[in-house]
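The structure displayed is predicted, hence computed values, not measured ones. In what follows, every chain begins at residue 1, and chains take the letters A, B, ... in the order their sequences are listed.
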2 protein chains.
Amino acid sequence: MTGHTQRGQCAKRMSILDAAADVFCSQGFAGASIDEIAAVACVSRQTIYNHYREKETLFVAVVEDVMNRANTMLFSMLSTFPDSADNLEDDLTAFVVRLNRNCICNHDGKFLRKLVQTEGERYPHLFESWRLHGPGKLTTALSALFARLAHKGALVIDDFDVAARQFVALGNADLQMTVLFGGVPTDEELEKAARNAVRTFLKAYGRPAAEKAGPQSQLAVISG
Amino acid sequence: MTGHTQRGQCAKRMSILDAAADVFCSQGFAGASIDEIAAVACVSRQTIYNHYREKETLFVAVVEDVMNRANTMLFSMLSTFPDSADNLEDDLTAFVVRLNRNCICNHDGKFLRKLVQTEGERYPHLFESWRLHGPGKLTTALSALFARLAHKGALVIDDFDVAARQFVALGNADLQMTVLFGGVPTDEELEKAARNAVRTFLKAYGRPAAEKAGPQSQLAVISG
DNA sequence: GTAAAATTAGACGCCATTGTCTAAGACGTC
DNA sequence: GACGTCTTAGACAATGGCGTCTAATTTTAC
């Protein structure tokens with residue numbers, strides 16, 4: 001019951017959770033067998049039943065564990081959103097790359113999207129927390145961040161919530177097929193997808209050319 | 001072996017396919033039981049084994065059946081893409097509503113997205129056909145259609161493929177949560193989502209304001 | 001009407017999995 | 001070194017699903 005034992009138990013628990021996440025993700029709840037999870041975790045089956053009463057208890061624990069990791073990572077990513085309007089295109093592009101790589105296209109993102117589709121109907125309350133604190137929080141936070149950029153005059157947005165959802169959607173537009181079919185996009189794909197997304201986003205919501213145009217061509221407003 | 005038998009057998013087959021689609025969709029391959037499919041189809045288990053040798057054969061037949069329906073519907077929808085540049089916003093909006101309602105947010109769309117995620121790794125070749133003829137064909141076709149609109153001067157697009165993917169992504173931006181969590185969007189949601197998507201798309205890719213601005217406000221190009 | 005084909009309900013063997021139990025071993029503290 | 005806890009391997013019964021088989025019944029063809 002002292003330090004070392006705690007650490008040992010904790011290591012076992014994490015090993016089990018990781019293995020269970022892998023197996024549940026690739027096989028689904030019904031297709032996953034405790035024996036396979038035990039083998040992947042390098043742990044005896046009895047140890048699993050010792051920590052988690054039954055298969056469903058383990059499943060819930062796995063989902064909550066991954067949700068916590070994913071939400072922590074998302075929060076960490078959101079803190080890197082650009083707050084300066086200089087180099088907005090590059091800054092937003094880098095942000096989209098980080099967001100996609102670390103939150104949406106990564107292991108945990110794939111796990112949650114997959115499981116919410118396969119088991120969401122069976123455990124409606126289980127994934128509600130993820131919906132609220134994951135994708136829900138993302139668009140809420142982005143909406144607020146866009147509002148700040150708009151207040152600075154760097155963006156022209158009428159509906160911040162819509163813009164936030166469209167920003168995320170555009171960021172995934174080029175990766176949707178890769179993500180849907182389980183692949184992991186390469187760095188080049190991530191970079192190009194983010195570049196395309198931000199360019200289009202700024203064409204739609206960027207500051208009008210008149211206020212930032214260079215000497216080559218200018219736009220002037222002529223009131224009619 | 002003549003008409004009536006064919007019709008009777010055909011009805012059984014369709015009944016089985018429909019029931020199997022329901023059960024496979026909600027339970028996954030591993031979680032679906034032949035007995036439950038038989039019960040939903042109001043058919044004896046032996047009849048299922050009579051038509052399809054084993055569970056996997058039935059599963060493949062179901063996926064191919066749904067894929068065919070979905071691809072036929074998609075093709076039908078693509079033929080309603082606006083070819084006139086008058087009222088482009090309204091026409092594109094109506095198209096997005098139809099596309100979402102009949103191809104992406106409908107029963108078959110949900111089935112295919114769900115199954116490709118849960119069973120795609122186990123049957124890589126099975127869903128390859130859908131990827132090519134479904135989402136793949138959609139963006140290819142949209143790309144060509146946008147090229148025609150751009151050629152008419154109604155749109156200004158540098159990369160048609162990117163624009164096509166972004167068009168689809170924007171069309172789903174407001175519905176992604178509903179779709180991911182298995183819900184079916186209402187008509188109002190469909191309408192509003194399409195309106196938001198097309199507005200942003202045209203802000204990014206629409207003909208520049210200078211060429212179509214009304215008397216209220218005009219933009220003029222001033223060469224520097 | 002009759003024969004062939006299809007369908008049905010039920011029983012059956014087989015196998016995988018779940019969850020429990022037990023005895024033995026490993027690891028820690030005292 | 002003694003003790004308690006955690007872990008392990010394996011056996012175990014119970015359950016449920018798959019796929020087969022059979023005999024009876026219905027549907028269909030001619």
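Contact of the A/V63 side chain with the A/E119 side chain is not registered, since no non-hydrogen atoms from C-beta on lie closer than 4.5 Å. Annotation: side chain of B/N196 is not in contact with side chain of A/D159 (no heavy-atom distance under 4.5 Å). B/H51 has its side chain out of reach of B/L17: every pair of non-hydrogen atoms, C-beta onward, lies at least 4.5 Å apart. The shortest distance between side-chain heavy atoms of B/T93 and B/E191 falls below 4.5 Å.
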May I have the step-by-step check of ring pair (Phe, Tyr, Trp, His ring centres under 6.0 Å) for B/F167 and B/F160, ending in yes or no? CA-CA 10 Å; B/F167 183 76; B/F160 298 118; over 10 Å; no

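Annotation: cation-pi pair A/R69/A/F111 absent, no NZ/CZ under 6.0 Å from the ring centroid and within 45° of its normal. For A/R122 and A/F29, the positive end is not near the middle of the six-membered ring at less than 6.0 Å and at most 45° from its axis.
Between B/R45 atom CZ and C/dG10 atom C1' the separation is 8 Å, expressed in whole Å. Rounded to an integer number of Å, the gap from A/R13 CZ to D/dC6 P is 11 Å. Atom CZ in A/R53 sits about 15 Å away from atom C1' in C/dT18, given to the nearest Å. Going from atom CD1 of A/I16 over to atom P of D/dT8 covers 8 Å, rounded to whole Å. Atom CD1 of B/I48 is separated from atom C1' of C/dA6 by 15 Å (rounded to the nearest Å). Rounded to whole Å, the distance from CZ on B/F59 to P on D/dC18 is 14 Å. In this structure, B/D35 atom CG and C/dG10 atom C1' are separated by 12 Å, rounded to whole Å. Regarding A/Q27, its CD atom lies at a distance of 14 Å from the C1' atom of C/dA16, rounded to whole Å.
Closest to the side chain of A/Q46, out of C/dT18, C/dC21, D/dT22, is C/dC21. Proximity note for B/N50 (side chain, C-beta onward) versus D/dG19, C/dT17, C/dA6: the nearest is C/dA6. Listed nucleotides: C/dG19, D/dT8, C/dT7. Nearest to the side chain of A/K12: D/dT8. Closest to the side chain of A/S44, from the set D/dA9, C/dT18, C/dT7, is D/dA9. Residue A/H51 has its side chain nearest to D/dT7 when only D/dC21, D/dT7, C/dT18 are considered. Of the candidates C/dT18, D/dT8, D/dT20, the closest approach to any side-chain atom of B/Y49 belongs to D/dT20. Closest contact between the side chain of A/I34 and the listed nucleotides C/dA11, C/dT18, C/dC21 involves C/dT18.
In this structure, the ring of B/F59 has its center less than 6.0 angstrom from the ring center of B/Y123.
In this structure, B/A38 reaches neither bases nor backbone, as no heavy-atom distance under 4.0 Å exists between it and the strands shown.
Across its full length, the helix from C/dG1-D/dC30 to C/dC30-D/dG1 shows an angle of 30° between the axes of its 5 terminal pairs at either end, rounded to 10 degrees.
For C/dT7, the OP1/OP2 oxygens have no side-chain nitrogen or oxygen of B/T47 closer than 4.0 Å.
Residue-to-nucleotide contacts include no donor-acceptor pair under 3.5 Å from the side chain of B/E54 to the base of D/dC18.
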